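One structure below.
Chain letters run A, B, ... following the sequence lines, proteins first, then strands; residues in each count from 1. This one's a predicted model, so the numbers in the text were calculated from it and none came from an experiment.
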Amino acid sequence: MVAPPPPGPQAGERVEGPHLRPTGAQAVCQLPLRAQAPHPVHLHPDVHPPAGGGAQGVTHPRPPAVQGEGVDLHPDGGARKANGLHHPGKGLGATVEQADRLHDLGVYRAAMSLPVIRIAEAGKYEGQDVELRGWLYNKRSSGKLHFLQVRDGSAIIQAVLFKGDVTPELFERADKLGQETSLIVRGTVKADRRSALGFELGVKDVQVIQEARDYPITPKEHGVAYLMEHRHLWLRSSRQHVILRVRHTIEKAIRDFFDQDGFTLVDAPIFTPAACEGTSTLFEVPYFDMGKAYLTQSGQLYMEAAAMAFGKAYCFGPTFRAEKSKTRRHLTEFWMVEPEVAFMSLEEDMVLAERFISFIVQRVLEKHEKELVDVLERDVSKLKNVVPPFPRITYTEAIEYLQKAGHPAKWGDDFGGDEETVLANQFDRPVIVHRYPAEMKAFYFRHDPANPQVALGMDVLAPEGYGEIIGGGERESDMATLEDRIQKHNLPMDAFKWYLDLRRYGTVPHAGFGLGVERTVAWVCGLHHVRETIPFARMMERITP
RNA sequence: UCCCCGAUAGCUCAGCUGGUAGAGCAGCGGACUGUUAAUCCGCGUGUCCCUGGUUCGAGUCCAGGUCGGGGAGCCA
């Protein structure tokens with residue numbers, strides 16, 4: 001738990017406007033608008049393949065202003081209200097139209113032999129004419145030239161229009177395009193030191209796919225609540241783009257780590273018959289004639305079965321908690337990865353956890369150090385420390401330390417957020433706290449043979465106040481002991497029959513842990529709140545978008 | 001469930017001890033051949049969250065409600 005001086009942006013944080021997002025140029029639901037009499041070299045063969053959806057009537061070459069059914073085309077930006085923004089598909093056979101569009105694009109490419117490239121690889125095409133497909137991120141102008149910032153999901157490039165290089169119609173039109181207008185740009189890649197990317201595009205031609213108006217996320221500040229309402233668009237912003245790419249890298253690193261280490265991915269079920277641990281509040285769902293089922297709060301028990309089958313196994317999936325927690329580190333739906341290993345002790349579990357976390361963090365640094373610094377303003381020196389071994393202290397030592405530091409903690413209490421932060425702040429990398437009072441832990445933890453008062457469990461606390469990112473430990477492998485615990489915890493023995501079978505048929509010592517993906521991403525990125533670490537956050541009072 | 005804070009223009013906010021609201025940005029029109037949240041000139045914008053109360057008069061004070069933000073407990 002955490003309640004610390006938030007490292008990242010504060011509660012009232014503002015976030016930038018523009019956006020980013022991958023995906024190819026597709027799903028075009030609006031007829032393209034084209035510059036009249038385009039650049040001589042790059043004439044638009046405004047010839048659609050025999051328009052199957054002839055309803056559009058847009059098969060004529062270069063109409064001055066074509067009116068289709070429900071769709072008006074405007075050669076300039078003057079008549080935007082009529083520009084069909086609000087009825088994209090009206091009167092269109094969308095499928096046919098899309099097909100035409102894609103076919104159409106193919107014709108252009110073939111006819112002009114222009115490579116269609118992603119912006120991130122623009123450097124490979126210096127001096128060449130290329131085609132980019134994307135969205136207008138922002139624009140500026142200065143009299144006789146316009147600067148269009150175009151993004152395609154891979155990066156942003158500045159496309160420069162000189163008045164003398166394009167038709168007057170196109171030049172005027174370009175100045176009126178709204179943010180997030182989808183477009184295709186053709187031009188020459190040029191090296192330029194003034195560009196963040198190192199390259200610019202000298203524009204020869206712009207083809208508008210759909211003209212966007214009044215995009216809600218402007219290049220100015222917005223509140224978090226507003227941005228969360230527009231999460232589906234907020235994903236396009238450069239900040240969100242970095243965060244979700246780091247999440248992607250972390251998820252890939254998780255899979256790579258376990259894959260390289262001989263683990264088998266075994267997916268755990270989402271519907272479960274009862275509370276696995278008997279602790280948290282779960283989401284109930286009706287389940288045919290069998291009464292109620294619950295959304296999983298952990299795949300661990302199933303991973304114990306998997307570990308007995310595969311030796312080393314892990315699951316990686318969503319987890320659900322119905323607790324009414326309104327904090328910056330809680331979601332009702334979050335992702336957790338849970339490895340479980342046969343013949344593994346608590347000590348080895350801690351070694352696995354520190355190797356695992358270090359691997360993830362170093363992988364993120366390899367791939368995203370520049371973005372972490374430039375966009376998220378993360379102090380990466382604190383991440384570079386994250387290498388084994390991690391400091392380890394027992395719960396009892398932690399309590400003693402807190403008491404010396406003047407906290408009213410006593411043995412048997414769980415740590416509050418403040419205490420966790422105080423502990424974590426003593427170290428320059430994650431700290432492992434182990435051997436908690438047995439009573440605080442779930443029934444399946446093995447108790448320490450040297451001191452039955454404590455369970456062989458461990459938590460990994462992230463630095464800088466991010467709190468618990470891993471919880472795990474060694475499981476009870478003795479059947480009689482386990483049966484006894486299930487009874488004492490008042491859990492339904494029936495539901496654990498299969499679980500006890502794991503002890504009946506070839507039981508072995510085993511251990512594992514669970515790592516919360518969102519908290520890990522929040523820590524690595526230095527974010528204030530976990531809601532930014534998942535594409536569409538589910539929280540107590542938010543289920544849309 | 002409990003505690004604290006907030007709600008004013010499309011967005012972000014200001015609005016003092018009560019006198020019927022105003023900045024920046026966005027939008028629109030114009031200027032500018034190197035802009036980087038471009039700049040400069042001009043234009044428009046309001047159920048001041050809702051209901052009731054106090055008052056000559058409420059954005060402002062009071063009560064209740066709604067919605068949002070943060071925290072506690074619990075967890076990853």
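- Counting non-hydrogen atoms under 4.0 angstrom, A/Phe334 reaches a base of the nucleic acid.
- B/C16 and B/G59: their P atoms are spaced 12 Å apart (whole Å).
- Between the OH atom of A/Tyr226 and the P atom of B/U8 there is a distance of 13 Å, rounded to whole Å.
- Dashed line: the shortest gap from a side-chain N or O of A/His529 to OP1 or OP2 of B/G70 is under 4.0 Å.
- Of the nucleotides present, B/C13 is the one that pairs with B/G22 by Watson-Crick or G-U wobble criteria, both distances under 3.5 Å.
- B/G65 and B/C74: their C1' atoms are spaced 29 Å apart (whole Å).
- One P atom belongs to B/G34, the other to B/G68, and the distance between them is 49 Å to the nearest Å.
- A/Ile217 places its CD1 atom 11 Å from the C1' atom of B/C11, with the value rounded to the nearest Å.
- Comparing the P positions of B/C61 and B/U20 gives an interatomic distance of 16 Å, to the nearest angstrom.
- Side-chain contact check for A/Trp135 versus A/Gln210: every heavy-atom pair is 4.5 Å or farther apart.
- No engagement by A/Glu518 is indicated, since no non-hydrogen atom pair under 4.0 Å with the nucleic acid exists.
- Other residues, nucleotides and ligands place more than 12 heavy atoms under 6.0 Å from the CG atom of A/Leu265.
- A/Thr520 comes within contact range of no nucleotide atom at all, as no heavy-atom separation falls under 4.0 Å.
- Rounded to a whole Å, the OH atom of A/Tyr436 is 14 Å from the C1' atom of B/C74.
- Salt-bridge annotation for A/Glu371 and A/Arg239: absent, with no side-chain N of the basic residue lying under 4.0 Å from a carboxylate O of the acidic one.
- Note: A/Phe415 and A/Tyr395 meet the aromatic proximity criterion, with ring centroids under 6.0 Å apart.
- Regarding contacts with the backbone of B/C28, a side-chain N or O of A/Arg213 is found under 4.0 angstrom from either OP1 or OP2.
- Applying the 5.5 angstrom centroid cut-off and the 30 degree plane-angle cut-off, the aromatic ring of A/His330 is stacked upon the base of B/C75.
- Summarising the base pairing, B/C61 is matched to B/G53 through a Watson-Crick or G-U wobble pair whose two defining distances lie under 3.5 Å.
- Nearest nucleotide to the side chain of A/Glu468, out of B/G73, B/G68, B/A76: B/A76.
- Between the P atoms of B/G46 and B/C3, the separation comes to 39 Å (whole Å).
- For the pair A/Glu419 CD and B/A72 P, the computed distance is 11 Å after rounding to whole Å.
- Protein atom CD of A/Gln179 is 10 Å distant from nucleotide atom P of B/A26, rounded to whole Å.
- Figure legend. B/C2 is base-paired to B/G71; pairs are counted as Watson-Crick or G-U wobble with both atom distances under 3.5 Å.
- Remark: C1' of B/G69 and CE of A/Met540 are 12 Å apart, rounded to the nearest angstrom.
- Closest to the side chain of A/Lys176, from the set B/G34, B/A72, B/G30, is B/G30.
- Using Watson-Crick or G-U wobble geometry with both donor-acceptor distances under 3.5 Å, B/G42 finds its partner in B/C28.
- In this structure, A/Phe443 has its ring center closer than 6.0 angstrom to the ring center of A/Phe496.
- As a whole-Å value, the separation of A/Phe415 CZ from B/C75 C1' is 15 Å.
- A side chain to side chain contact (heavy atoms under 4.5 Å, CB included) with A/Arg328 is found for one member of A/Glu532, A/Arg531, A/His529 and no other, namely A/His529.
- Nucleotides B/G27 and B/G71 are separated by 34 Å at their P atoms, to the nearest Å.
- One finds no side-chain N or O of A/Arg329 lying less than 4.0 angstrom from the OP1 or OP2 phosphate oxygen of B/G70.
- Inspection of the A/Arg446 and A/His510 side chains reveals no N or O donor paired with an N or O acceptor under 3.5 Å.
- The phosphate of B/C74 (OP1 or OP2) has no side-chain N or O of A/Arg321 nearer than 4.0 angstrom.
- The distance from atom CD of A/Glu420 to atom P of B/A76 is 11 Å, rounded to the nearest whole Å.
- Along RNA chain B, the nucleotide closest to A/Asp175 and the one closest to A/Gln158 are compared, and the more 5′ of them pairs with A/Asp175.
- Take the nearest nucleotide of RNA chain B for A/Met228 and for A/Leu515: the residue whose nucleotide is more 5' is A/Met228.
- The base-pairing partner of B/A7, taking Watson-Crick or G-U wobble contacts with both distances under 3.5 Å, is B/U66.
- Distances were taken from every side-chain heavy atom of A/Asn138 (C-beta onward) to each of B/U33, B/A37, B/C75; the shortest belongs to B/A37.
- Candidate nucleotides B/U33, B/G71, B/G34 were compared by shortest atom distance to the side chain of A/Asp192, and B/G34 ranks first.
- Separating the C1' atom of B/G10 from that of B/G44 is a span of 13 Å, rounded to the nearest Å.
- Taking atom C1' in both B/A26 and B/A37, the straight-line distance is 12 Å, to the nearest Å.
- Checked against a 6.0 Å centroid threshold, the rings of A/Phe513 and A/Phe356 count as neighbours.
- In the set B/G34, B/G27, B/A76, B/A76 carries the atom at the smallest distance from any side-chain atom of A/Met336.
- Across all strands shown, A/His146 has no heavy atoms under 4.0 Å from either base or sugar-phosphate atoms.
- A/Asp459 comes within contact range of no nucleotide atom at all, as no heavy-atom separation falls under 4.0 Å.
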